[in-house]
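Note that the numbering runs from 1 along the sequence shown for the chain. None of these values were measured; they are calculated from a predicted model. Values below: every heavy atom of this structure, side chains too, minus hydrogens, waters and symmetry copies.
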Amino acid sequence: MGPTTNPSRDLPWSGEFIVQAVHLLVVEDEHLILLELEDALTEAGYEPTGASNGDRAIELLDKASGKFSGLITDIRLGKGSDGWEVARRARQSDPLMAIVYISADSVLDWPIKGVPNSLVLQKPFAMAQLVTAVSQLLNGSTSPAPPPELE
(Lines give C-alpha, C1' and ligand atoms only; values in the text may rest on other atoms or scores of the structure.)
Protein backbone atom coordinates (compact mmCIF):
# COMPACT_ATOMS: atom_id res chain seq x y z
CA MET A 1 0.00 0.00 0.00
CA GLY A 2 1.36 3.37 -0.99
CA PRO A 3 1.25 6.49 1.13
CA THR A 4 -2.00 8.37 1.17
CA THR A 5 -1.93 12.07 0.63
CA ASN A 6 -4.17 14.67 2.08
CA PRO A 7 -4.18 17.81 -0.08
CA SER A 8 -5.45 19.92 2.80
CA ARG A 9 -2.66 18.70 5.09
CA ASP A 10 -0.41 21.63 4.21
CA LEU A 11 -3.03 24.17 5.17
CA PRO A 12 -2.46 25.60 8.66
CA TRP A 13 -6.08 25.14 9.72
CA SER A 14 -6.68 21.66 8.35
CA GLY A 15 -7.30 18.57 10.39
CA GLU A 16 -7.20 19.95 13.91
CA PHE A 17 -9.50 22.95 13.85
CA ILE A 18 -13.07 23.47 12.79
CA VAL A 19 -13.66 26.98 11.57
CA GLN A 20 -17.14 27.96 12.64
CA ALA A 21 -18.92 30.81 10.91
CA VAL A 22 -20.01 33.72 13.07
CA HIS A 23 -23.53 34.67 12.04
CA LEU A 24 -24.72 38.21 12.68
CA LEU A 25 -28.21 39.65 12.31
CA VAL A 26 -28.12 43.15 10.82
CA VAL A 27 -31.24 45.30 11.10
CA GLU A 28 -31.46 48.53 9.12
CA ASP A 29 -34.49 50.04 7.37
CA GLU A 30 -32.46 52.01 4.82
CA HIS A 31 -31.65 49.52 2.07
CA LEU A 32 -28.35 51.05 0.86
CA ILE A 33 -27.01 51.31 4.42
CA LEU A 34 -28.03 47.69 5.07
CA LEU A 35 -26.05 46.60 2.00
CA GLU A 36 -22.99 48.59 3.13
CA LEU A 37 -23.15 47.05 6.60
CA GLU A 38 -23.49 43.53 5.19
CA ASP A 39 -20.57 44.08 2.78
CA ALA A 40 -18.28 45.41 5.52
CA LEU A 41 -19.12 42.53 7.86
CA THR A 42 -18.66 39.96 5.10
CA GLU A 43 -15.24 41.43 4.25
CA ALA A 44 -14.35 41.14 7.95
CA GLY A 45 -15.12 37.40 7.86
CA TYR A 46 -18.60 37.39 9.39
CA GLU A 47 -21.77 35.94 7.88
CA PRO A 48 -24.44 38.65 8.08
CA THR A 49 -28.16 38.17 7.56
CA GLY A 50 -30.06 41.36 6.84
CA ALA A 51 -33.52 42.42 7.97
CA SER A 52 -35.14 45.66 6.85
CA ASN A 53 -37.47 46.07 9.84
CA GLY A 54 -37.78 45.10 13.47
CA ASP A 55 -40.64 42.67 13.04
CA ARG A 56 -38.72 40.69 10.41
CA ALA A 57 -35.65 40.67 12.70
CA ILE A 58 -37.69 39.24 15.57
CA GLU A 59 -39.13 36.61 13.22
CA LEU A 60 -35.58 35.61 12.19
CA LEU A 61 -34.45 35.46 15.83
CA ASP A 62 -37.39 33.25 16.76
CA LYS A 63 -37.01 31.00 13.72
CA ALA A 64 -33.25 30.53 13.98
CA SER A 65 -32.81 30.20 17.72
CA GLY A 66 -29.13 29.97 18.58
CA LYS A 67 -27.91 30.75 15.05
CA PHE A 68 -26.83 34.34 15.63
CA SER A 69 -23.82 35.30 17.74
CA GLY A 70 -24.43 39.00 17.36
CA LEU A 71 -26.95 41.68 16.48
CA ILE A 72 -26.32 45.03 14.85
CA THR A 73 -29.49 47.10 14.87
CA ASP A 74 -30.60 50.57 13.99
CA ILE A 75 -32.92 51.91 16.66
CA ARG A 76 -35.59 53.70 14.65
CA LEU A 77 -36.92 51.17 12.16
CA GLY A 78 -40.24 52.66 11.04
CA LYS A 79 -43.51 50.83 11.74
CA GLY A 80 -43.42 47.86 14.05
CA SER A 81 -40.72 46.85 16.53
CA ASP A 82 -37.82 49.22 17.12
CA GLY A 83 -34.19 48.32 17.74
CA TRP A 84 -34.63 48.40 21.51
CA GLU A 85 -37.30 45.68 21.24
CA VAL A 86 -35.24 43.63 18.79
CA ALA A 87 -32.26 43.68 21.18
CA ARG A 88 -34.39 42.62 24.15
CA ARG A 89 -35.76 39.69 22.12
CA ALA A 90 -32.24 38.76 21.04
CA ARG A 91 -31.11 38.69 24.67
CA GLN A 92 -34.09 36.50 25.60
CA SER A 93 -32.93 33.94 23.05
CA ASP A 94 -29.24 34.29 23.99
CA PRO A 95 -28.22 36.23 27.13
CA LEU A 96 -24.62 36.51 25.86
CA MET A 97 -25.38 37.75 22.34
CA ALA A 98 -23.17 40.64 21.23
CA ILE A 99 -25.36 43.68 20.54
CA VAL A 100 -24.36 46.88 18.78
CA TYR A 101 -26.89 49.67 18.35
CA ILE A 102 -26.43 52.14 15.52
CA SER A 103 -28.37 55.39 15.36
CA ALA A 104 -28.21 58.96 14.16
CA ASP A 105 -30.48 60.38 16.83
CA SER A 106 -31.31 57.91 19.59
CA VAL A 107 -27.86 57.45 21.11
CA LEU A 108 -28.72 59.43 24.24
CA ASP A 109 -31.47 56.92 25.11
CA TRP A 110 -29.01 53.99 25.21
CA PRO A 111 -28.21 54.19 28.96
CA ILE A 112 -31.93 53.89 29.74
CA LYS A 113 -33.29 51.65 26.98
CA GLY A 114 -30.26 49.60 25.89
CA VAL A 115 -29.54 46.09 27.09
CA PRO A 116 -26.57 45.54 29.42
CA ASN A 117 -23.14 44.86 27.90
CA SER A 118 -23.98 46.40 24.55
CA LEU A 119 -22.34 49.15 22.55
CA VAL A 120 -23.77 52.05 20.59
CA LEU A 121 -22.33 53.79 17.53
CA GLN A 122 -23.61 57.15 16.36
CA LYS A 123 -24.18 57.51 12.62
CA PRO A 124 -22.24 58.31 10.59
CA PHE A 125 -19.41 56.01 11.60
CA ALA A 126 -16.57 54.26 9.80
CA MET A 127 -17.25 50.61 8.99
CA ALA A 128 -14.00 49.75 10.76
CA GLN A 129 -15.57 51.09 13.97
CA LEU A 130 -18.48 48.69 13.55
CA VAL A 131 -16.21 45.71 12.90
CA THR A 132 -14.11 46.62 15.94
CA ALA A 133 -17.19 46.98 18.17
CA VAL A 134 -18.57 43.61 17.08
CA SER A 135 -15.19 41.92 17.52
CA GLN A 136 -14.73 43.40 21.00
CA LEU A 137 -18.12 42.19 22.18
CA LEU A 138 -17.71 38.73 20.65
CA ASN A 139 -14.27 38.36 22.23
CA GLY A 140 -15.32 39.81 25.57
CA SER A 141 -12.44 42.28 25.44
CA THR A 142 -14.47 45.32 26.33
CA SER A 143 -16.39 46.25 29.42
CA PRO A 144 -18.96 48.80 28.37
CA ALA A 145 -20.87 50.45 31.15
CA PRO A 146 -24.09 48.48 31.38
CA PRO A 147 -27.30 50.45 31.08
CA PRO A 148 -29.55 50.20 34.14
CA GLU A 149 -32.15 47.45 34.09
CA LEU A 150 -35.65 48.49 33.18
CA GLU A 151 -38.20 47.58 35.80
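- In terms of heavy atoms, Ala87 sits closest to Ile99 at O-CD1, 3.7 Å.
- Between the Ser106 side chain and the Ser103 main chain, no donor and acceptor come within less than 3.5 Å of each other.
- Leu130 is listed as a side-chain neighbour of Leu121, based on a closest heavy-atom distance under 4.5 Å.
- Using a 4.5 Å cut-off on side-chain heavy atoms (C-beta onward), Asp74 and Val27 make no contact.
- Within the 4.5 Å cutoff, no side-chain heavy atoms of Thr49 are placed close to those of Val26.
- Between Lys63 and Glu59 there is a salt bridge, with a side-chain nitrogen of the basic residue lying less than 4.0 Å from a carboxylate oxygen of the acidic one.
- Salt bridge absent: Asp82 and Lys113 never bring a charged side-chain N and a carboxylate O closer than 4.0 Å.
- Rounding to the nearest 0.5 Å places CG of Leu77 at 14.0 Å from CZ of Arg56.
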Using the rule given for side chain to side chain contact (heavy atoms under 4.5 Å, CB included), can you reason through Asp94 versus Leu61, listing the C-alpha separation, both sets of side-chain angles and the distance that settles it, and then say yes or no? CA-CA 10 Å; Asp94 180 357; Leu61 286 166; over 6 Å; no
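- Between the CD1 atom of Ile102 and the CG atom of Leu119 there is a distance of 12.5 Å, given to the nearest 0.5 Å.
- Contact between Val131 and Ala44 at its shortest, heavy atoms only, is CG1-CB, 3.7 Å.
- Here the closest non-hydrogen pair linking Ala21 and Glu47 is CB-OE2, 3.2 Å.
- In this structure the side chain of Leu35 reaches within 4.5 angstrom of the side chain of His31, judged on heavy atoms.
- You'll find the side chain of Leu60 reaches within 4.5 Å of the side chain of Leu25, heavy atoms only.
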Begin from the C-alpha positions of Leu71 and Tyr101 and carry the test side chain to side chain contact (heavy atoms under 4.5 Å, CB included) through to its verdict. CA-CA 8 Å; Leu71 168 70; Tyr101 297 101; over 6 Å; no
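- Without hydrogens or angle criteria, Gln129 side chain to Ala126 main chain gives a donor-acceptor distance under 3.5 Å.
- For Asp55 against Gly80, the heavy-atom pair with the smallest separation is OD2-CA, 3.5 Å.
- Residues Val22 and Leu138 have side chains in contact (heavy-atom distance under 4.5 Å, counting atoms from C-beta outward).
- In this structure the side chain of Phe68 never reaches within 4.5 angstrom of the side chain of Leu24, judged on heavy atoms.
- With values rounded to the nearest 0.5 angstrom, Ser52 atom OG is found 8.0 Å from Asp29 atom CG.
- Atom CG of residue Asp109 and atom CZ of residue Arg76 lie 10.5 Å apart, to the nearest 0.5 angstrom.
- Note that CG of Asp105 and NZ of Lys123 are 8.5 Å apart. Values are rounded to the nearest 0.5 Å.
- At least one side-chain heavy atom of Met97 sits under 4.5 Å from a side-chain heavy atom of Ser93.
- No single ILVMFWY cluster, assembled from side-chain heavy atoms under 4.5 Å apart, contains both Leu108 and Trp84.
- When atom types are taken as modelled, the side chain of Glu28 and the backbone of Glu30 share a donor-acceptor pair closer than 3.5 angstrom.
- We find the OG1-CD1 distance between Thr73 and Ile75 to be 7.5 Å, quoted to the nearest 0.5 Å.
- A continuous path of hydrophobic side-chain contacts links Phe125 to Leu137 [ILVMFWY only; heavy atoms under 4.5 Å].
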Under the criterion side chain to side chain contact (heavy atoms under 4.5 Å, CB included), I'd like the reasoning laid out for Arg89 against Asp62: C-alpha separation, chi angles, the key distance, then a yes or no. CA-CA 9 Å; Arg89 180 65 66 91; Asp62 290 346; 2.7 Å; yes
Side chain to side chain contact (heavy atoms under 4.5 Å, CB included) between Val120 and Val100: does it pass, once the steps are laid out? CA-CA 6 Å; Val120 64; Val100 177; over 6 Å; no
